[in-house]
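Working notes, beginning with the structure itself.
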Amino acid sequence: MNKPHLIIIPGNGSSNKIWAEKARDYFSNDFVSVSVQYYDHWSNGGELIDMKVELYKLTDIANSLDGNIVILAKSVGTVLFMFSIHSKSIDPSRISRCVFVGLPPEWARTNGFDIDTWSANFFLPTILIQNDSDPVATVTDIRAEQKAGSFQSLILTERKGSDHNYDDFQFIGKYLLTT
């Protein structure tokens, strides 16, 4: 079987550029190519992702790749990827695996992103790695969301942690590199 491509979709803050590049370097030998989504607001001084602009860029990245794609998305990147599937911008049949880290449901709602609608149409089996005490959303928060009917396609994997960093690429790789 041919190696797939990896697309890394980071979190909102500009510090996530460093996270994405560390992930790119860590996983570079495991995929035929690794693409990082760089958000426009990082370079133009904005504080919040422009979902429509970034959707077009993500779609362009995905459409430029031949073959299967694996997704590694962090925080707002998870929201953007759910939006891409909801809007039918990316063909879900091309996605061979998804790993999300640090899902931010309440943050997304507070910032005007329709995560509830987007996630209702998101049926790709996806591993969600969530720190048990993540300040953005705890594991308890995610379980409550799932119990209420949201994020049903996400397979929750709990990690000990009280931050929103998700820098343990060896742990992430256990799920990202599974065949």
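Remember, it's a predicted structure, so these values are computed and weren't measured experimentally. Scope of the values below: all heavy atoms of this structure, side chains included, with no hydrogens, waters or symmetry mates.
Between the side chain of Arg159 and the main chain of Asp132, no donor-acceptor pair closer than 3.5 Å is present. Put simply, the side chain of Thr126 gets close to the backbone of Leu124: a donor and an acceptor are under 3.5 Å apart. Judged purely by atom type and a 3.5 angstrom limit, Trp42 uses its side chain to pair as donor or acceptor with the backbone of Asn12. Between the side chain of Gln130 and the main chain of Ala137, a donor-acceptor pair closer than 3.5 Å is present. With hydrogens and angles disregarded, no donor-acceptor distance shorter than 3.5 Å links the side chain of Ser119 to the backbone of Phe122. Judged by distance alone, with hydrogens and angles left aside, the side-chain atoms of Asn131 form no donor-acceptor pair with the main-chain N or O of Ser133 at under 3.5 Å. Under a 3.5 Å cut-off, the side chain of Gln152 and the backbone N or O of Ser150 do form a donor-acceptor pair.
For Tyr38, there are no ring pair (Phe, Tyr, Trp, His ring centres under 6.0 Å) partners two or more places apart in sequence or in a different chain. Evaluation of the ring pair (Phe, Tyr, Trp, His ring centres under 6.0 Å) rule for His164 yields Tyr166 as partners, not counting sequence neighbours.
The shortest heavy-atom contact between Cys98 and Phe81 is SG-CE2, 3.5 Å.
The pair Asp167-Lys22 does not meet the salt-bridge criterion, since no charged nitrogen lies less than 4.0 angstrom from a carboxylate oxygen.
Two residues are said to be in side-chain contact when any heavy atoms from C-beta on lie closer than 4.5 Å; Glu158 and Arg143 meet this criterion. For the pair Thr78 and Pro104, the minimum side-chain heavy-atom distance is below 4.5 Å. Within the 4.5 Å cutoff, no side-chain heavy atoms of Asn16 are placed close to those of Tyr39. When side chains are defined from C-beta on, Ile69 does not count as touching Pro4, because their heavy atoms never get closer than 4.5 Å. You'll find the side chain of Met51 reaches within 4.5 Å of the side chain of Val79, heavy atoms only.
The number of heavy-atom neighbours closer than 6.0 Å to CG of Asp168, taken from other residues, nucleotides and ligands shown, is above 12. Within 6.0 Å of the CG atom in Asn29, the count of heavy atoms belonging to other residues, nucleotides or ligands does not exceed 12. Counted within 6.0 Å of CZ on Phe171, heavy atoms from surrounding residues, nucleotides or ligands total more than 12; the atom is thus considered enclosed. Environment of NZ in Lys57: crowded, with over 12 heavy atoms of neighbouring residues, nucleotides or ligands closer than 6.0 Å.
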How far apart are the C-alpha atoms of Phe100 and Phe151, what are their side-chain angles, what is the distance that settles it, and do they pass the ring-ring contact (aromatic ring centres under 6.0 Å, His included) test?
-> CA-CA 12 Å; Phe100 287 176; Phe151 312 113; 9.2 Å; no
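Taking the six-membered ring for Trp and thresholds of 30 and 60 degrees, Phe113 and Trp107 have ring planes inclined between 30 and 60 degrees apart.
Ser28 and Asp25 share no side-chain donor-acceptor pair at under 3.5 Å.
For the pair Lys74 and Trp19, the distance from NZ or CZ to the six-membered ring centre is under 6.0 Å and the angle to the ring normal is within 45 degrees.
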